[in-house]
Every structure is written in structure tokens, then in C-alpha cells.
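Okay, structure first, notes after.
First listed ligand is number 1; within each ligand, the first listed atom is number 1.
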Amino acid sequence: MRYIDYLDFRYRPGDDLICRFWLKAKDPKKAAGAVAAESSIGTWTETTTVKPYMLKYAAKVFRLEKQGKGWIADIAYPADLWEAGNLPGLLSGIAGNIFGMKEVDKLRLIDVRFPKKLLKTFPGPKFGIQGVRKRTGVRKRPLIGTIVKPKIGLKPDDHARVAFEAWVGGCDLVKDDENLVDQKFNRFRERLEKTLKAKERAERETGERKFYMVNVTAETQEMLKRARLAEELGNEYIMADVIVLGWSAIQTLRNQDFNLILHAHRAGHAALDREEHGIKMCVIAKLVRLAGFDQLHVGTVVGKMFEGLEDVKENIKALKEDMGRIKPVMPVSSGGLHPGHVPRLLEIFGRDVIIQMGGGIHGHPGGTRAGARAARQALEASLQGIPLKEARKSYEELDQALKHWA
Ligand code: CAP
Ligand code: MG
């Protein structure tokens, strides 16, 4: 088959895997055919070894339409082309060689629809949105979290102290930063044990449940050991940096079926999803959901990272849209946020969201506890529909935060 033979505009997909690409090319038809060939059964030239029985596995370009400076190409793949439950295998097809081909000047995987036949071979989240709410006891409102800052460098005692202050001030969740793992200045086990003690103290002091998302990111066997320790110590959560860990490692982590809520940090995603060549975050979100994490960072619109409203809405949709038995994933909004952003975040996300503030809590002029109070005050006011300019009159910490940042 030549590249052009992979085009079939009469084809109507059944329970196929469907990929939507956006591409720029001198010859868009040939380029779309090249993408379909290279990501299914073909290569740059016809080969003498093709057998008639295997032609049914050829991908089909069934739609090619101009969009902006490029083209939208919809490509259907037979479900049987893919190994059950194998994310790396899937990605080496639909997100592998094709990005390097000369036929395309730019190529972006912008959406994927999974066939039911393949969906049922992945676990999906153990908890999902409802399970997170049930396990944390935070049934309706958004959860407030913080990231211990400075992001790395603190000793375990100081890490635990910052966590305690944030929990007592009103945070539900405290997480490690994405690049805090098991450095000599802050060993994983010591940090975990001391921060869990701080958590128990904060729970006693506030009468509220508190949660610690310890970062288990590491070589796979070591990561599993750390996750096992967190579970043995009775923790409810772990966090992992899913992009730098890779698809195989996150499947391994999920497939242990730990009794732990899995929080996906996405550090590194912007190397893939920021420009017009790569994989959009909404596709990454669906893959993390298939692999089975319960929570995932999806941007803020108003904070320090690049995503706009359309991007974030697409990411939220990817986590919540109907994917059969695969549970919806709790969106996490984080990155450059402070209490003044809360009303807008509720408009964008609704109530199913975890709002995380790092600098926006620990940079409060009154310190961490005051920063956490201000975050909680902003949430409580916003949930009652009270504008922050009113609420600040009765909440000193919120007033200070707004003066400092907004
Ligand atoms: C936020 C954060 C998170 C970002 C990641 C940071 O801290 O801890 O890693 O939210 O970005 O290190 O920047 P601040 P995203 O609250 O101090 O910004 O959520 O977009 O993946
Ligand atoms: Mg961080």
C-alpha cells in the first residue's frame, strides 16, 4: 500500500480507536496517509512481505479538513491492532515515529476516542471523584491543598512543621513538591513519618481529617517500596510525577491496587503539549485516567502556567466525559494561585476540584497558617456567593492576602 491508499473518506468507523490529528504539510493527503501507514502496518515503501490477511489492520484516514493554517485528520484504527492493557504499546503506535516524519511539518495528537473493547482492558481509577470524596469525607465543596515550599531544601522537621501550619490553618491536603523525592537533606521515610505525626496533631487540633500526598517518584521498584511504606503507615494518598515516570511505571503503580488515592503530578507535560507539535494535554489526561490515577493537574487559566480557558475546559472534559466503566478523575488546579483567584476558579471548575496554592499560602505576610486561613476564607465566602471585597471586611487574613497579591 502506498501512503495515499490509507485514505478512505467513505469509511464509517465502528468500535475503532479514533485519533484526531492536526497537521501542517506541503501535501496534506500524502502526509495524513503517511501518519496512518507509519502508525499502523505500513512504511515508506511497499514491501513484498505484505499478506492479504493482514490488510484489515491498516489504519484509515476517514476525514481530512482544512483548519487554520493546517488540517484536521481523523484516523480510525481497528481495536485489534492494540494489545489489551498496554499503554506504552498504544503510544508507540499513535504517538511514536509519526512525529519525526519529513512528510509532516507539524503534527499534534489532539484527541483520542477509545473503543469499548480496549477500554475494558484498563483498570481506570480505583477511587475517582466519588471515591476521593468518600475517603476524605469532603462530600461537596472543593478541597484546598498546598505544596510545601520552598519546593526542596527543607529538613524533614521543617517540612513537617510547614505542613502542620497549613493543615491547622485550614488546608485539607498537603503535598510534596514534584522534585522532592529522597534527597540526603530530606529522606523519604523520615519525612513521611514526621509529617504523618504532624498530620495526626493537626487532626486533633482542628477536629478535621487531614491528608498528606507524599511523592513516591523514583525508579519503579523503589517507587513501589515507598508506596507500600505509605500504605503500611496508614496514609490515604501518594503522589507521582506521571510524565517523567512514564506510562509503564504508572501502570505498574496502579496495577498493585494499593489502598491509596493516586495523585498525578504532570511535571514535564509542557514539553509535549504546549506547542503545535506533540500531544495535547487533554489526550494525556485521558491516558492518565485509563492508567488509573484518581486526581490530575489540569491548569488554572488565572495562575502562572500557560493554559487558557479552552485548554483547561478541554482537560476537565477529558477527565469527566463518559468513558464507560472508567471512573471520572478529580481535576486539580495549581500553579501561581492565591486566595484572590478562588471565585474565578469556582466559575471555571465548579465544585469538583482540588485548589492548590503553594506560594499563595506560604508567601502570605502572616505566614503559612494565615495563608491557609485566607484560602479557606476565600472558599467559604465564594461558596456562599459573597464577593471577596465584602468578605475581606470580616476576614483579616483574606484582607491581607488580597492587599499583598490582588
Ligand atoms: C505550584 C507547583 C506545582 C504547579 C505545577 C509548582 O506551586 O507546586 O508544581 O502547580 O503546575 O511547583 O509550581 P505554586 P501544573 O502554587 O507556588 O505556584 O499544576 O500546571 O502542572
Ligand atoms: Mg510543584
N/O separation below 3.5 Å, [X] to ligand 1:
{"X": "L337", "result": "no"}
{"X": "G360", "result": "no"}
{"X": "G358", "result": "yes"}

What residue and atom, counting heavy atoms only, is the protein's closest point to [atom], and at what distance?
{"atom": "atom 11 (O) of ligand 1", "answer": "M305 CE, 3.3 Å"}
{"atom": "atom 21 (O) of ligand 1", "answer": "R266 NE, 2.8 Å"}
{"atom": "atom 17 (O) of ligand 1", "answer": "G359 N, 2.8 Å"}
{"atom": "atom 4 (C) of ligand 1", "answer": "S334 OG, 3.8 Å"}
{"atom": "atom 19 (O) of ligand 1", "answer": "H297 ND1, 2.8 Å"}

I need the atoms of ligand 1 closer than 4.0 Å to a non-hydrogen atom of [X], numbered in the order shown.
{"X": "K304", "answer": "6 (C), 7 (O), 13 (O), 14 (P), 18 (O)"}
{"X": "D177", "answer": "8 (O), 9 (O), 12 (O)"}
{"X": "H265", "answer": "3 (C), 5 (C), 9 (O)"}

For [X] and [Y], indicate whether the former's side chain and the latter's backbone hold a donor-acceptor pair under 3.5 Å.
{"X": "E307", "Y": "V301", "result": "no"}
{"X": "R113", "Y": "D16", "result": "yes"}
{"X": "D352", "Y": "M330", "result": "no"}

- Message: Test of geometry: compute the angle OE1(E178)-the Mg ion (ligand 2)-OD1(D177) and round it to 10°.
- Response: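 Centred on the Mg ion (ligand 2), the OE1/OD1 angle is 80° (to 10°).
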
Please determine, by modelled atom types, if [X] and [Y] share a side-chain donor-acceptor pair under 3.5 angstrom.
{"X": "N97", "Y": "E38", "result": "yes"}
{"X": "Y237", "Y": "Q295", "result": "yes"}
{"X": "D105", "Y": "H277", "result": "no"}

- Is the closest basic N to carboxylate O distance between K280 and D273 below 4.0 Å?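 No, no charged N to carboxylate O under 4.0 Å.
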
- Query: F114 pairs by side-chain contact (heavy atoms from CB on, under 4.5 Å) with which of T121, D15, L90?
  - Reply: L90

- Side chain or backbone of V332 under 4.0 Å from ligand 1, or both, or neither, by non-hydrogen atoms?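 Neither part.
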
- Item | Part of E307 with heavy atoms under 4.0 Å of ligand 1, whether side chain, backbone, both or neither |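 Under 4.0 Å from ligand 1, E307 contributes no heavy atoms.
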
- Item | Whether H338 and W405 hold their rings parallel, tilted or perpendicular, with breakpoints at 30° and 60° | parallel

- Identify the two heavy atoms, one from L253 and one from A240, that lie closest to each other, and give their separation to 0.1 Å.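 For L253 and A240, the tightest heavy-atom pair comes out as CD2-CB, 4.1 Å.
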
- Applying a strict 4.0 Å limit to heavy atoms, is G336 in contact with ligand 1? yes

- Return the option from Q356, K149, K151 holding the heavy atom at the smallest distance from atom 2 (C) of ligand 1.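 It is K149 that holds the nearest heavy atom.
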
